[in-house]
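Just so you know, ligand 1 is whichever comes first in the structure, and atom 1 is the first atom listed for that ligand.
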Amino acid sequence: MILDGKTLAKERELALKEEVGTLKEKYNKVPVLATILVGDDPASVTYVRMKENACARVGIESIHVGLEASISEEELVNKIKELNDDENVDGILLQHPIPKHIDESRCFDSIGVNKDVDGVNTASFGAFSHGKEAFKSATPLGIMTLLEHYNVELEGKYAVVVGRSAILGKPVSMLLLNKNATVTIAHSKTKNLPELLKQADIVVACVGKPEFIKKEWLKEGVVIVDAGYNPGNVGDVSKDAYEIASAYTPVPGGVGPMTINMLLTQTVASFRKKMEK
Ligand code: NAP
C-alpha cells in the first residue's frame with residue numbers, strides 16, 4: 001500500500017477551502033497567517049513562498065514579514081511579540097533555519113502557544129506529549145494524519161524512529177507513543193541500529209541521509225514512513241525496501257505534501273477557536 005500524501009493533501013486542501021469559505025460567510029473574516037523570513041536563503045525563500053501560495057489557494061490571508069539577516073535576536077523577539085499581540089493574526093510561522101547569531105529556540109518559544117500553528121514551541125511540545133490539546137509539530141502531525149487516513153494500526157506495534165530532532169524525531173515519537181505504539185528513538189550514537197530496525201513493525205526515518213536505511217535491515221511487512229528529503233528527491237530509506245513493506249510513503253509525494261497542509265489546518269483551527277470564544 002502506498003501512503004499517498006500528495007493525494008490526501010490535495011483532498012484536505014479542498015475541504016479546507018470550503019471550510020474557510022463557510023467561516024468567511026459567517027464572520028466576514030478569514031484566518032491570517034504571519035510568515036517570518038529572516039535573510040534570503042534560497043531554500044527558505046522557496047519554502048515560505050510555497051506556504052504563502054498554499055494559504056492563497058484555500059483563502060487564508062498571509063502577512064509576509066521579511067527581515068534582514070543582520071537583525072538582532074532582541075529585534076526578532078520583539079517582532080514576534082508584536083504579532084502575538086495582534087488580534088488579527090491567528091498563526092505565526094518562523095521559517096527555519098534563522099541566522100546563527102540568533103538563538104532559534106528562544107525565538108520559537110516566544111511565539112504564543114495559541115498562535116504556534118507550526119508547533120515549534122517547547123510549551124506546545126510539552127502539552128501534546130502529555131496528550132493535552134495543543135498545536136503539534138507540522139511534519140509529525142502530517143505523518144500521524146497520513147497513518148490514520150490509511151488505517152495503519154499503531155496500538156501495540158513496535159516503532160523505531162531514526163532521528164531525534166526537535167521538529168521531527170522527538171515529536172513524532174511522542175505522538176506514536178500517545179497512540180500506544182512501543183517506541184524506540186535512534187540517533188547517531190545508537191549502536192545496534194540494524195538489529196533494532198529488524199524488530200520494527202513501523203520505521204520512521206528522519207535522518208537526512210540519502211537511502212541510509214537498507215532493505216536488509218528491515219523485516220518483511222514493515223510500514224515505512226520516510227520523512228527524509230535529500231537533494232535529488234531522495235528519501236532516507238533505500239527504495240528497494242518498498243518491495244518488502246506492507247505500506248510505505250513515497251519520496252516525493254508522501255510525507256512532504258502533508259506538512260504544509262498541517263500548517264494551514266492549524267491556522268484555520270486557531271481562527272475558529274478565536275471566533276468561537
Ligand atoms: P536533523 O535535525 O539533522 O536530525 C537528524 C537526526 O538524524 C539527528 O537526530 C541525528 O542524530 C540522526 N542521525 C544522523 N546520523 C545518524 C546515523 N548514522 N544513525 C542514526 N541516526 C542518525 O534533521 P531533521 O530536521 O529532523 O530532518 C531529517 C530529514 O527530514 C531531512 O532529510 C529533512 O530534509 C527532512 N524533513 C522533511 C520535512 C518534510 O516536510 N517532509 C520536514 C522537516 C525535515 P543526533 O541527534 O545524534 O545528531
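The side-chain contact (heavy atoms from CB on, under 4.5 Å) search around T145 returns R12, L141, M258, M262, not counting sequence neighbours.
No hydrogens or angles considered: nothing links the side chains of D90 and T267 as a donor-acceptor pair under 3.5 Å. Side-chain contact of K51 with Q95: a donor-acceptor pair under 3.5 Å is present, judged by distance alone.
Within 6.0 Å of OH on Y150 lie more than 12 heavy atoms contributed by other residues, nucleotides or ligands.
Within the structure, every pair that satisfies the side-chain hydrogen bond (donor to acceptor under 3.5 Å, both in side chains) test and touches residues 21-35, not counting sequence neighbours, is listed here: T35-E52.
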Only pairs under 3.5 Å count here: list side-chain donor-acceptor contacts from residues 193-208, not counting sequence neighbours, and write none if there are none.
from: K198; atom 1: NZ; to: E216; atom 2: O; distance (Å): 2.9
from: K198; atom 1: NZ; to: L218; atom 2: O; distance (Å): 3.0
from: D201; atom 1: OD1; to: K219; atom 2: NZ; distance (Å): 2.9
from: D201; atom 1: OD2; to: Y158; atom 2: N; distance (Å): 2.7

N or O contacts of ligand 1 with protein under 3.5 Å, please list pair by pair.
from: ligand 1; atom 1: 9 (O); to: R164; atom 2: N; distance (Å): 2.8
from: ligand 1; atom 1: 11 (O); to: S188; atom 2: N; distance (Å): 3.2
from: ligand 1; atom 1: 15 (N); to: K209; atom 2: NZ; distance (Å): 3.2
from: ligand 1; atom 1: 21 (N); to: H187; atom 2: O; distance (Å): 3.4
from: ligand 1; atom 1: 21 (N); to: S188; atom 2: N; distance (Å): 3.3
from: ligand 1; atom 1: 26 (O); to: S165; atom 2: OG; distance (Å): 2.5
from: ligand 1; atom 1: 30 (O); to: A227; atom 2: O; distance (Å): 3.3
from: ligand 1; atom 1: 32 (O); to: Y229; atom 2: N; distance (Å): 2.9
from: ligand 1; atom 1: 34 (O); to: Y229; atom 2: O; distance (Å): 3.2
from: ligand 1; atom 1: 40 (O); to: T259; atom 2: OG1; distance (Å): 2.7
from: ligand 1; atom 1: 46 (O); to: R164; atom 2: NE; distance (Å): 2.7
from: ligand 1; atom 1: 47 (O); to: R164; atom 2: NE; distance (Å): 3.4
from: ligand 1; atom 1: 47 (O); to: R164; atom 2: NH2; distance (Å): 2.8
from: ligand 1; atom 1: 47 (O); to: S188; atom 2: N; distance (Å): 3.2
from: ligand 1; atom 1: 47 (O); to: S188; atom 2: OG; distance (Å): 2.5

